[in-house]
Amino acid sequence: MTRATATAPGKIILFGEHAVVYGRAAIAVPVTNVQATATIENAPAGTGCRLSAPDIGARIRLSDAPIDPLAVAVRLAIEAAGIEAEPDWYVTVRSTIPIAGGMGSGAAVSAALARAVLSHIGHCVAAPSTAWPRVSSARWRDQPIPDPETVNRIVFAVEELHHATPSGIDNTVIVYEQPVWFARGRPPQVFAIACPFQLIIADTGIAYSTRQVVADVRRAWREKTIRYEAIFDSIGAVAEAARRAIGAGHVTALGPLMQENQRLLRQLDVSAEALERLIAIAEKAGASGAKLSGGGRGGNLIALVRPERVDAVREALLASGAVRVIVTEVGASNYELSNS
Ligand code: PMV
């Protein structure tokens, strides 16, 4: 094989961020409107492995970058395939997922790279036919695929480089590409979306460091453990209620639950003025509820919007300074993997 291409989607956390780091359950869903794409092509003998990420202007030689996250993802995948010598490859990774915005760009880039490496080497398993992990693209059904467990392990290891104590939710939702009910230390569960619903994802344009926000929450938790544990319990209860509502197709229950989750996130001090302003604007324009998604302090918010209000909410957010607005339907998924 001379060329392999693999993709991975973005993600949002619907309910339960931060509390998930402390053992409560959370819900995350893939966002296939944005994605990372990795391509591997054979290079002339002696070239070594060269990585380029044109979106961030990065050009890296694998052998010169021991701790670069892109290089680590490639190296771990090469190791997982049992290859010892550095291969002669051109590796390119591109992404349409906003960086540092809470949409899982780092995990998606790692997943696309790991899949492309394993696929190029031919280190694949028969496509699983069970519901977990579900194979969502017709293209997948009849061909071997990179083992999702292996990819998940690699992506988690790279996430640990990015932000020290990841809960594991980002890598799980991105690798398995379906809505997940996730609690640390327990096997993640897929759950059915009884009735698809529309979300608007709006970017404040403010980049943030998940590592920093998670560290701030930990410091506050150490100082006010009883209070923070109670907030985490309440967030966990909101996530439980949301899971039941999503499973039963009670979409109207989700708006108030998002509002409640946002109120609790505010108490954790992870919101930001820009987020609060855009959340208020989305709700005024007709969203049934809105909240930040991911680490907070910036990045993206999500708003639950009935189809007839989508245009009004999108326009209001853009007119009020959202730098990017994505409309997505929760319930759809799409996975691309090709070899030639
Ligand atoms: O900022 P993101 O999208 O990587 O989301 C982080 C979610 C947290 O719950 C804040 C941290 C974690 O590891 O789960």
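These values consider heavy atoms only, across backbone and side chains, with no hydrogens, waters or symmetry-generated copies.
In this view, Arg263 and Glu260 satisfy the side chain to side chain donor-acceptor pair (under 3.5 Å) rule, not counting sequence neighbours. A search for side chain to side chain donor-acceptor pair (under 3.5 Å) contacts involving Glu308 returns Arg306, not counting sequence neighbours.
Side chains of Arg94 and Gln35: no donor on one and acceptor on the other come within 3.5 Å. Defined by atom type and a distance below 3.5 Å, a donor-acceptor pair is missing between the side-chain atoms of Asp55 and Ser95. Of the N and O atoms on the side chains of Ser271 and Gln262, at least one donor lies less than 3.5 Å from an acceptor on the other residue.
Here the side chains of Ser320 and Leu278 are in contact, with some heavy-atom distance below 4.5 Å. Contact check for Ser288 versus Thr252: no side-chain heavy atoms found under the 4.5 Å cut-off. Contact annotation: the side chain of Pro166 approaches that of Phe156 to within less than 4.5 Å [non-hydrogen atoms, C-beta and beyond]. Using a 4.5 Å cut-off on side-chain heavy atoms (C-beta onward), Val251 and Leu304 make contact. In this structure, the side chains of Val91 and Arg50 stay at 4.5 Å or more apart for every pair of heavy atoms. Contact annotation: the side chain of Val180 never approaches that of Ile27 to less than 4.5 Å [non-hydrogen atoms, C-beta and beyond]. With a 4.5 Å cut-off on side-chain heavy atoms, Leu62 and Leu51 count as touching. Taking 4.5 Å as the limit, every side-chain heavy atom of Val21 sits out of range of all side-chain heavy atoms of Val217.
Heavy atoms only, all atoms of each residue included: His120 and Trp89 are closest at CD2-NE1, 3.3 Å. Between Ala80 and Thr150 the shortest heavy-atom distance is CB-CG2, 3.7 Å. In terms of heavy-atom proximity, Ala202 sits nearest to Ala322 at CB-CB, 4.2 Å. Between Val213 and Gly296, the shortest heavy-atom contact is CG2-O, 4.2 Å. Closest heavy-atom contact between Ala36 and Ile97: N-CD1, 3.8 Å. Residues Ile174 and Gly104 share a closest heavy-atom pair of CD1-O, 3.4 Å.
There is a path of hydrophobic side-chain contacts, each under 4.5 Å, that joins Phe15 to Leu199. Note: the hydrophobic cluster containing Ile154 does not contain Leu113 (ILVMFWY, side chain heavy atoms under 4.5 Å, direct or indirect links). Val155 and Val72 fall into different hydrophobic clusters, where Ile, Leu, Val, Met, Phe, Trp and Tyr are joined by side-chain heavy atoms under 4.5 Å apart, directly or via other members. Connection of Val313 to Met258 is established within a shared hydrophobic cluster, with ILVMFWY side chains joined at heavy-atom distances below 4.5 Å, either directly or through further cluster members. If you chain together hydrophobic residues whose side chains sit under 4.5 Å apart, Val29 and Val310 fall into the same group.
Judged by distance alone, with hydrogens and angles left aside, the side-chain atoms of Ser52 form no donor-acceptor pair with the main-chain N or O of Pro54 at under 3.5 Å. Looking only at distances, no side-chain donor or acceptor of Asp68 sits under 3.5 Å from a matching main-chain atom of Ile60. A distance-only check finds no donor-acceptor pair linking the side chain of Glu229 to the backbone of Arg227 [under 3.5 Å]. Side chain of Asp203 to main chain of Val325: no donor-acceptor pair is present (N/O by atom type, distance under 3.5 Å, no hydrogens or angles). Under a 3.5 Å cut-off, the side chain of Arg59 and the backbone N or O of Ala53 do not form any donor-acceptor pair. Panel note: side chain Thr204, backbone Asn300; no donor-acceptor pair is recorded below 3.5 Å. The main-chain N or O of Ile279 is never found under 3.5 Å from a side-chain atom of Lys284 such that the two would form a donor-acceptor pair. For Thr172 (side chain) and Gly168 (main-chain N/O), a donor-acceptor pair under 3.5 Å exists by modelled atom type. Between the side chain of Asp88 and the main chain of Ala43, no donor-acceptor pair closer than 3.5 Å is present.
A salt bridge does not link Glu86 to Arg75: none of the charged nitrogens lies less than 4.0 Å from a carboxylate oxygen. Salt-bridge formation is not detected for the pair Arg24/Glu17: no Lys NZ or Arg NE/NH1/NH2 atom is positioned less than 4.0 Å from an Asp or Glu carboxylate oxygen. Ion pairing between a basic and an acidic side chain is recognised when a charged N comes within 4.0 Å of a carboxylate O; Arg297 and Glu276 show no such pairing.
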> Ile246 and Phe197: side-chain contact (heavy atoms from CB on, under 4.5 Å), yes or no, with the steps?
Replying inline: CA-CA 9 Å; Ile246 293 169; Phe197 52 90; 4.2 Å; yes
> Hey, mind stepping through Thr328 and Asn33 against side chain to side chain donor-acceptor pair (under 3.5 Å) and telling me if it holds?
Replying inline: CA-CA 7 Å; Thr328 191; Asn33 315 49; 2.9 Å; yes
> Going through the distances and angles, do Gln198 and Arg309 end up as a side chain to side chain donor-acceptor pair (under 3.5 Å)?
Replying inline: CA-CA 10 Å; Gln198 265 159 337; Arg309 300 303 302 167; over 6 Å; no
> Can Tyr228 and His18 be said to form a side-chain contact (heavy atoms from CB on, under 4.5 Å), step by step?
Replying inline: CA-CA 11 Å; Tyr228 269 60; His18 287 292; over 6 Å; no
> Would Val109 and Val158 satisfy side-chain contact (heavy atoms from CB on, under 4.5 Å), going step by step from the backbone distance to the final call?
Replying inline: CA-CA 10 Å; Val109 162; Val158 183; over 6 Å; no
> Under the side-chain contact (heavy atoms from CB on, under 4.5 Å) criterion, do Asp170 and Ile13 qualify, and how do the steps go?
Replying inline: CA-CA 8 Å; Asp170 280 19; Ile13 297 182; 4.2 Å; yes
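In this structure, CD in Glu41 is found 4.5 Å from CZ in Arg3, a value given to the nearest 0.5 Å. With rounding to the nearest 0.5 Å, the separation of CD1 in Ile302 from CD1 in Ile326 is 12.0 Å. Interatomic distance, Leu292 CG to Ile12 CD1, rounded to the nearest 0.5 Å: 11.5 Å. Of the inter-residue distances, the one linking Thr225 atom OG1 with Arg222 atom CZ reads 9.0 Å to the nearest 0.5 angstrom. From Gln259, atom CD reaches atom NZ of Lys291 across 12.5 Å, with rounding to the nearest 0.5 Å. Note that CG of Leu318 is 9.0 Å distant from CD1 of Ile200, once rounded to the nearest 0.5 Å.
The aromatic rings of Trp221 and Tyr22 sit tilted relative to each other, their planes meeting at an angle between 30° and 60°.
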